[in-house]
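Take a look at the structure below.
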Number of protein chains: 2
Amino acid sequence: MSRNNAGLSTDRIITEALRIIDGQGLRRLTMRRLGDALEVEAMAIYHHFPLGKEQLFDAIVAYISDVFRRPAGEDEQEDPPGEDGEEAGDAEEAPDPRPWDERLRTWALDYRRALLDHAQALPLFIHRRPDTEAALRTRELHYAAFTEAGLSGADVVQAAAVLDSYVTGAVIHEVRADGLPAQHPAVPDGRFPHASALRGVELDPEHRFTRGLDSLLDSLRP
Amino acid sequence: MSRNNAGLSTDRIITEALRIIDGQGLRRLTMRRLGDALEVEAMAIYHHFPLGKEQLFDAIVAYISDVFRRPAGEDEQEDPPGEDGEEAGDAEEAPDPRPWDERLRTWALDYRRALLDHAQALPLFIHRRPDTEAALRTRELHYAAFTEAGLSGADVVQAAAVLDSYVTGAVIHEVRADGLPAQHPAVPDGRFPHASALRGVELDPEHRFTRGLDSLLDSLRP
DNA sequence: ACCTGAACACCGTTCAAGT
DNA sequence: ACCTGAACACCGTTCAAGT
């Protein structure tokens, strides 16, 4: 009856936790419910995340942020740093041949999609540092692109910060507009002539996003 | 001993809740602790926020978002809608005579400051609609400014969305960079030449913010 | 190594009761 | 109207124990 190896793994725990978050909301992710979903006692999770829920949250943010995740099935283990730079089967990453702005556009759309797909997890991002390896790959992509664009030094860092800010902010702007209105939403009246006149003007969110992105990339050119 | 009027008010509750959030973090704001801080039983709070903690969170977000809050002491009561448009003492708002871009710059800096001052409360913003009266005032300010800049129709709405996205995102970018690093932060190595080369390049956050803001406002001009 | 079961110190919220 | 006190159904996490 009582199995003592339920095939639990950090990956399975993260995936299941994310399913609960996406389906029921962040507040309904509890260790006990997660245990139920994994068909395991809640306390079993602590064997894989000894630091508890906070560590699980860290892993969830890292998981979502890893937009360029390799397909499931590959090993997630960190391999010990070897003298030789290459591991067998660890294929050399083919450099993206497209111009810098197209690469950034693709990244922005992919990242936006990843955040929107897990919008319920967004509150977890705010107070977690982006110092995972996935974040590092993103930074490298940004810096390489803006360097190719003709920027250098602090201007590159600045441009990357603006781009990242825009994408994050645009997703939040989009998410905040969804959801059910407050019990007594304020409605524009005569005191707010511009807001009244433009009430109901709505653009397709993705179109709005890419338009804003384009004008922003233009402004970041040297 | 047992008083039955402790002078509780929504404003006092919100202020005290915010003090706990700012000082100890969002997760440590509990009804019981908040009751203690107010020198009242936790259940007394429910008399002022019948819908419980979620309603309190709504009020906290509205409070922080109200950057142009009138000084404390004035009545917060909603007065019944009167036939006459003006109340005695409800001074007509003097229109800001400065050009549109300066008005937007001031707004952006004020809003950034308000968010940074209560960074611990930021997770509460993500899933709450900006349909308070304070949000409406902000929208009016944005729309009026971008109209004055020469935009019209959907372009105005688009520009306001981009501006709001940037400010929110920039604050989050700034907040995420603070805080203590993860237990095993990823460090750029040979695989990330640009990230390695630009490591340690840091700009003053406010300067970075205004620089990004300026280039963004430039790009939003017609 | 991996999981269970009981226990502890908390939570948010309801409800009847006090003044 | 405004607040209290007890109670209920949960939480996260610990610890010793099982296999």
Side-chain angles (χ1 to χ4, degrees), chain A residues 1-18 20-21 23-61 75-78 120-121 123-124 127-128 183, chain B residues 1-18 20-21 23-61 75-78 120-121 123-124 127-128 183:
Chain A
M1 187 62 64
S2 67
R3 295 177 303 166
N4 72 346
N5 191 328
L8 226 44
S9 70
T10 60
D11 239 59
R12 208 161 82 77
I13 294 171
I14 294 169
T15 308
E16 201 61 44
L18 214 34
I20 293 174
I21 292 174
Q24 315 187 36
L26 192 54
R27 296 200 34 197
R28 290 192 48 87
L29 175 70
T30 69
M31 299 305 263
R32 283 169 164 94
R33 239 190 296 268
L34 181 53
D36 277 354
L38 294 162
E39 295 184 279
V40 111
E41 292 300 313
M43 293 67 203
I45 299 163
Y46 286 83
H47 192 265
H48 299 266
F49 293 95
L51 274 46
K53 208 177 183 185
E54 216 61 23
Q55 189 183 13
L56 175 57
F57 283 156
D58 290 347
I60 290 170
V61 170
D75 205 15
E76 277 277 340
Q77 305 270 65
E78 297 181 35
Q120 300 279 17
L124 299 178
H127 292 288
R128 269 160 245 271
Q183 52 276 47
Chain B
M1 188 61 67
S2 67
R3 296 176 304 166
N4 72 345
N5 191 327
L8 227 44
S9 70
T10 61
D11 238 59
R12 208 160 82 76
I13 294 172
I14 293 169
T15 307
E16 201 61 44
L18 214 34
I20 293 175
I21 291 174
Q24 310 184 239
L26 193 54
R27 296 200 33 198
R28 290 193 49 88
L29 176 69
T30 70
M31 300 304 263
R32 284 170 163 95
R33 237 190 296 270
L34 181 53
D36 277 353
L38 294 162
E39 294 184 280
V40 112
E41 292 300 311
M43 293 69 203
I45 300 164
Y46 287 83
H47 193 266
H48 299 265
F49 293 94
L51 275 46
K53 209 178 182 184
E54 216 61 22
Q55 190 183 12
L56 175 57
F57 283 155
D58 291 347
I60 290 170
V61 170
D75 205 15
E76 278 276 341
Q77 306 269 64
E78 297 182 35
Q120 300 278 18
L124 299 178
H127 292 287
R128 268 159 243 269
Q183 53 275 48

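Please read all numbers here as calculations on a predicted model, not as lab measurements. The analysis underlying the following values was restricted to heavy atoms, covering all of them including side chains, and did not include hydrogens, waters or symmetry mates. Residue numbers start from 1 in every chain, and the chains themselves are labelled A, B, ... in the order their sequence lines are given, proteins ahead of strands.
DNA chain D is contacted by A:Gly52, A:Lys53 of residues 47-54 of chain A, taking any non-hydrogen atom closer than 4.0 Å. Annotation: proximity of residues 24-35 of chain B to DNA chain D (heavy atom, distance under 4.0 Å) is found for B:Arg32, numbered in ascending order.
Between A:Met43 atom CE and C:dT4 atom P the separation is 10 Å, expressed in whole Å. Summarising the geometry, the separation between OH on A:Tyr46 and P on C:dT4 is reported as 14 Å, rounded to the nearest angstrom. Remark: C1' of D:dC2 and CZ of B:Arg12 are 13 Å apart, rounded to the nearest angstrom. Atom CG in A:Asp36 sits about 12 Å away from atom P in D:dC10, given to the nearest Å. The nearest whole Å value for the distance from the CD atom in A:Glu41 to the C1' atom in C:dC3 is 9 Å.
By the side-chain hydrogen bond (donor to acceptor under 3.5 Å, both in side chains) test, A:Glu16 is found to be paired with A:Arg19, residues two or more places apart in sequence or in another chain being considered. Residues meeting the side-chain hydrogen bond (donor to acceptor under 3.5 Å, both in side chains) test with A:Glu41, sequence neighbours left out: none. A search for side chain to side chain contact (heavy atoms under 4.5 Å, CB included) contacts involving B:Thr15 returns B:Tyr63, not counting sequence neighbours. Annotation: side chain to side chain contact (heavy atoms under 4.5 Å, CB included) contacts of A:His48 (sequence neighbours excluded): A:Leu8, A:Thr10, A:Ile13. Every residue was checked against the side-chain hydrogen bond (donor to acceptor under 3.5 Å, both in side chains) condition with A:Arg32, not counting sequence neighbours, and none meets it.
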Identify each donor-acceptor pair in which a side-chain atom of residues 53-61 of chain B lies under 3.5 Å from a protein atom, sequence neighbours left out, and give them as a table.
residue, atom, partner, partner atom, Å
B:Lys53, NZ, B:Leu29, O, 2.8
B:Glu54, OE1, A:Arg27, NH1, 3.0
B:Glu54, OE2, B:Arg128, NH2, 3.4
B:Gln55, OE1, B:Leu51, N, 2.8
B:Asp58, OD1, B:Arg128, NH1, 2.4

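For DNA chain D, if you chain together Watson-Crick or G-U pairs that step i with j, i+1 with j-1 and so on, the runs of at least three with distances under 3.5 Å are C:4-8 with D:12-16, C:12-16 with D:4-8.
With rounding to the nearest 0.5 angstrom, the CG atom of A:Leu34 is 9.0 Å from the CD1 atom of A:Ile21. Separation of atoms CD1 (B:Ile20) and CG (B:Asp36) is listed at 8.5 Å; rounding is to 0.5 Å.
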Practice prompt. Would you sort out whether B:Gln120 and B:Gln24 count as a side chain to side chain contact (heavy atoms under 4.5 Å, CB included), showing the intermediate values?
Written response: CA-CA 9 Å; B:Gln120 300 278 18; B:Gln24 310 184 239; over 6 Å; no
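Closest approach of B:Ile45 and B:Gly35 over heavy atoms only: CD1-N, 3.8 Å.
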